[in-house]
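Notes for the one structure printed next.
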Amino acid sequence: MNKEEFYLLNRAYNKRIGRSDVMYGESHLNKNAKAVNEELVQKGYVDENGEATVEGISQLEPYKVDNAVILAAGAATRFVPLSLEKPKGLYKVRNECIIERQIKQLKSAGINDITLVLGYKKEMFFYLKDKYDVKFIFNGEFNSKNNTYSLYLAKDELKNTYVCSSDDYFVQNPFQRYEYQSFYAGYHVNKKTNEMYVDVDDNGQVTKMAKGLDQGNILLGQSFWTKAFSDKMVSLLKADQQVGVYDNMFWEWVVKDNLTDFPPFYFKPCSPEEIFEFDYFSQLRNFDNRYVDSSHSKIMERIKLVFRCDEEDIIDFRNVSEGMTNTSFIFRIDGVDYIYRYPGNGTNKIINRKNEKNSLKLAHKLGIDPTYIYLDTNEGWKISKFVHSFREPDYGSKEDSSRVIKVLQKLHAADVQVDYGMKPWEDACKMEKLLKDGDGDSFTKFEPLKKKIKKLYDITQGDGIKKCFCHGDTYRHNWMIWQNGDTLLIDWEYSGMSDPGIDVGYYIVDAMYDFDDAESFIKEYLADNDNAKNEFHFMAYTAIIAYYWFVWALYRESCGAVMGESLYNWYKMAEKYADYLLK
């Protein structure tokens, strides 16, 4: 059956079953449509009422869609603040849940075999199983890999398959019981977007794919894969598991890089008024004005209360990628930018928010951190002023090191007394217990390092270094250097009365200084108090604080966070400095 015959017969089938809501996209029919339709009638495939006959439906059976896979594992970090509270696909658009609308559209088209690939806040989707009889596949690596891995996990489901995203909103139903060829929907734009652009030939076949163009056909919405296309994709995904080239890419990149090896892939042109995808909260506001006045978001309600403003005054949301403990985003009110911190999972067990709030007030009073506005001690969220035009310190710059040291000297000399503070050895032991509660053997292989750190810790006890008000988390991303040289220290979650070695040591650890650079940094910090005993103390705390953050990282990963290379760096620095000092 040629393309024209298929499209006319498929329309006749939809007419027979009473489907009038189909989003066909731009017409694939040529000027001979009338003649082709007459041939279908003569063959007995279409009756006089323009409806497909039983024989006509049998001709469509080779093109039957087997199932659908909906990708719903991602955290949608660009969709802040709403994505912090629940996955994007579960939000209501024009009073209907996005993913539920898509599932109902698939079922309306006769596609009942539907699989959802879940990851971020997966439990919030569980109700869909009983409500719509859908299947689940779980992606435990959604934080570190993109949707190519989700498709790899769903490889056994890929046949004649619709592949969709959970956040696509279709005004009309785009799904059909039968499909002729592999395609990706989309439309033409005259602007630059983040989507993939395609060039097509006269038959609509994709001949080239590219990102970052100023105009052209963009891919957006549903995609359909024939069994041959799916088989090729699965073979490439399996091969990539050995090398991970596409770990951080969308599946479209696999097609782009191997386009000539795939069976023909077509662009299905649609109207921009038919398909919507909400990458940013502002796009949802523009589409559904219900979100202008009230998004029913706890985060937005909190911001309203702090600033005593209307929700429509809160605009220009931007995600912040840095931060290993929490997630943050920037927003704007009356032309001023602020930053909202959303606490990470498990942090309530290791961070006392009342203490943090008190430290923020003290740091503000000392002039070391003037950014603080509000912190909620019950739930841990915080609002601060966002600082523009700053840079982080360069670990290789002696001048920047001196700036950092002056702030630490000021902080540690402050006449401040509080009844809390980080105890890196004791706190690491507590987190070790939390790890063992989840897995009794999880820490066995790290016992040799633990013994070394304990020996160093015992040596430093009673050596004359007094506790003082400390920050506790002095890595690069918590420093801000303005153009005039003024230096700020932000984020006080781990602050309190502690050994000053943790502040000096952690800067050394994050910089991954060798022993000579570490000794130079410590000497400048100690100034008039420089002697061999004090130098040993601060070098020892370089190992101790590295060990603390290593155990912290193990705990955070047990809570679902992805610590990446940092975990190994902390382990390596703890062992390196412990071995050096104990020898």
Side-chain angles (χ1 to χ4, degrees), residues 1-69 101-115 132-133 157-164 170-186 200-206 221-231 263-271 274-275:
M1 186 183 303
N2 64 38
K3 189 183 295 186
E4 286 75 19
E5 289 174 329
F6 172 83
Y7 286 125
L8 284 170
L9 185 54
N10 192 42
R11 285 174 182 255
Y13 166 77
N14 286 330
K15 184 176 181 180
R16 177 186 175 116
I17 64 173
R19 286 198 66 194
S20 58
D21 64 335
V22 182
M23 184 185 81
Y24 289 105
E26 294 181 15
S27 176
H28 294 274
L29 306 179
N30 59 29
K31 296 179 181 179
N32 297 322
K34 185 176 180 181
V36 173
N37 195 64
E38 289 176 354
E39 282 187 31
L40 293 174
V41 172
Q42 289 175 2
K43 291 178 179 180
Y45 298 162
V46 176
D47 63 22
E48 294 179 354
N49 295 319
E51 298 179 0
T53 63
V54 173
E55 178 60 25
I57 295 173
S58 71
Q59 298 298 312
L60 289 171
E61 282 302 301
Y63 306 95
K64 187 176 180 180
V65 177
D66 292 318
N67 61 342
V69 172
R101 178 182 176 87
Q102 196 173 123
I103 292 170
K104 287 186 285 187
Q105 287 175 329
L106 282 163
K107 287 183 170 289
S108 176
I111 316 299
N112 294 306
D113 184 351
I114 303 170
T115 300
Y132 296 106
D133 191 30
E157 301 295 328
L158 298 177
K159 310 162 190 174
N160 291 327
T161 304
Y162 277 118
V163 175
C164 311
F170 304 104
V171 176
Q172 283 189 293
N173 193 336
F175 304 112
Q176 303 195 63
R177 193 71 188 92
Y178 305 101
E179 288 289 2
Y180 188 75
Q181 59 196 13
S182 299
F183 69 82
Y184 202 138
V200 298
D201 62 18
D202 292 340
N203 294 317
Q205 183 176 339
V206 175
Q222 83 283 15
S223 183
F224 173 74
W225 301 354
T226 62
K227 179 66 164 56
F229 191 96
S230 292
D231 288 346
F265 190 48
Y266 293 84
F267 176 67
K268 184 172 186 175
C270 299
S271 165
E274 293 177 318
I275 305 172

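In this chain, numbering begins with 1 at the start of the sequence shown.
Judged by distance alone, with hydrogens and angles left aside, the side-chain atoms of Ser223 form a donor-acceptor pair with the main-chain N or O of Phe183 at under 3.5 Å. Between the side chain of Asn160 and the backbone N or O of Lys227, at least one donor-acceptor pair lies under 3.5 Å. Between the side chain of Arg177 and the backbone N or O of Ile111, no donor-acceptor pair lies under 3.5 Å. The closest donor-acceptor contact from the side chain of Asn203 to the backbone of Gln205 lies at 3.5 Å or more, if one exists at all. Without hydrogens or angle criteria, Thr161 side chain to Ala68 main chain gives no donor-acceptor distance under 3.5 Å.
At a threshold of 4.5 Å between non-hydrogen side-chain atoms, the residues Asn173 and Val22 do not count as touching. Side-chain contact between Asn14 and Gln176: present, with at least one pair of heavy atoms (C-beta onward) separated by less than 4.5 Å. Considering only heavy atoms from C-beta on, Asn67 comes within 4.5 Å of Glu157 through its side chain. The side-chain heavy atoms of Gln222 and Gln102, taken from C-beta on, include no pair separated by under 4.5 Å. In this structure the side chain of Arg16 reaches within 4.5 angstrom of the side chain of Ile57, judged on heavy atoms. Looking at Leu60 and Leu9, their side chains come closer than 4.5 Å, going by heavy atoms from C-beta outward. Residues Gln181 and Phe229 form no side-chain contact, since every pair of their non-hydrogen atoms from C-beta on lies 4.5 Å or further apart.
The 12-atom threshold is not exceeded at NZ of Lys64, counting heavy atoms of other residues, nucleotides or ligands nearer than 6.0 Å.
Looking at every heavy atom in both residues, Asp66 comes nearest to Asp113 through O-CB, 3.8 Å. Here the closest non-hydrogen pair linking Tyr266 and Val206 is C-CG2, 3.9 Å. Across every non-hydrogen atom of Ile275 and Gly186, the tightest pair is CD1-N, 4.5 Å. Closest approach of Ser182 to Pro264, counting heavy atoms only: CB-O, 3.8 Å. Contact between Pro174 and Gln105 at its shortest, heavy atoms only, is CD-OE1, 4.0 Å. Nearest heavy atoms, Ser230 versus Lys159: OG-O, 2.7 Å.
Atom-to-atom distance recorded for Leu40:CG and Glu4:CD is 11.0 Å, nearest 0.5 angstrom. Atoms OG and CZ, on Ser108 and Arg19 in that order, are 5.0 Å from each other to the nearest 0.5 Å. Atoms CG and CE, from Asn10 and Met1 in turn, are 9.5 Å apart once rounded to the nearest 0.5 Å. Taking NZ of Lys15 as the reference point, atom CG of Asp47 lies at 8.0 Å (rounded to 0.5 Å).
Judged as a ring-ring contact (aromatic ring centres under 6.0 Å, His included), and not counting sequence neighbours, the contacts of Phe175 are Tyr162, Phe170. Take Phe6 and apply the ring-ring contact (aromatic ring centres under 6.0 Å, His included) test, not counting sequence neighbours, and it matches Tyr63, Tyr180.
Taking the ring axis of Phe224 as reference, the NZ or CZ atom of Lys268 does not stay both within 45° of it and closer than 6.0 Å to the ring centre.
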Exercise. Give the C-alpha distance, both sets of side-chain angles, the deciding distance and a yes or no for side-chain contact (heavy atoms from CB on, under 4.5 Å) between Asn112 and Asp133.
Key: CA-CA 8 Å; Asn112 294 306; Asp133 191 30; over 6 Å; no
Practice problem: Using the side-chain contact (heavy atoms from CB on, under 4.5 Å) rule, take Tyr132 and Lys104 through it: C-alpha gap first, then chi angles, then the decisive distance, then the call. | Solution: CA-CA 8 Å; Tyr132 296 106; Lys104 287 186 285 187; 3.7 Å; yes
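Checking Gln42 against Glu38 by side-chain atom types alone, no donor-acceptor pair falls below 3.5 Å.
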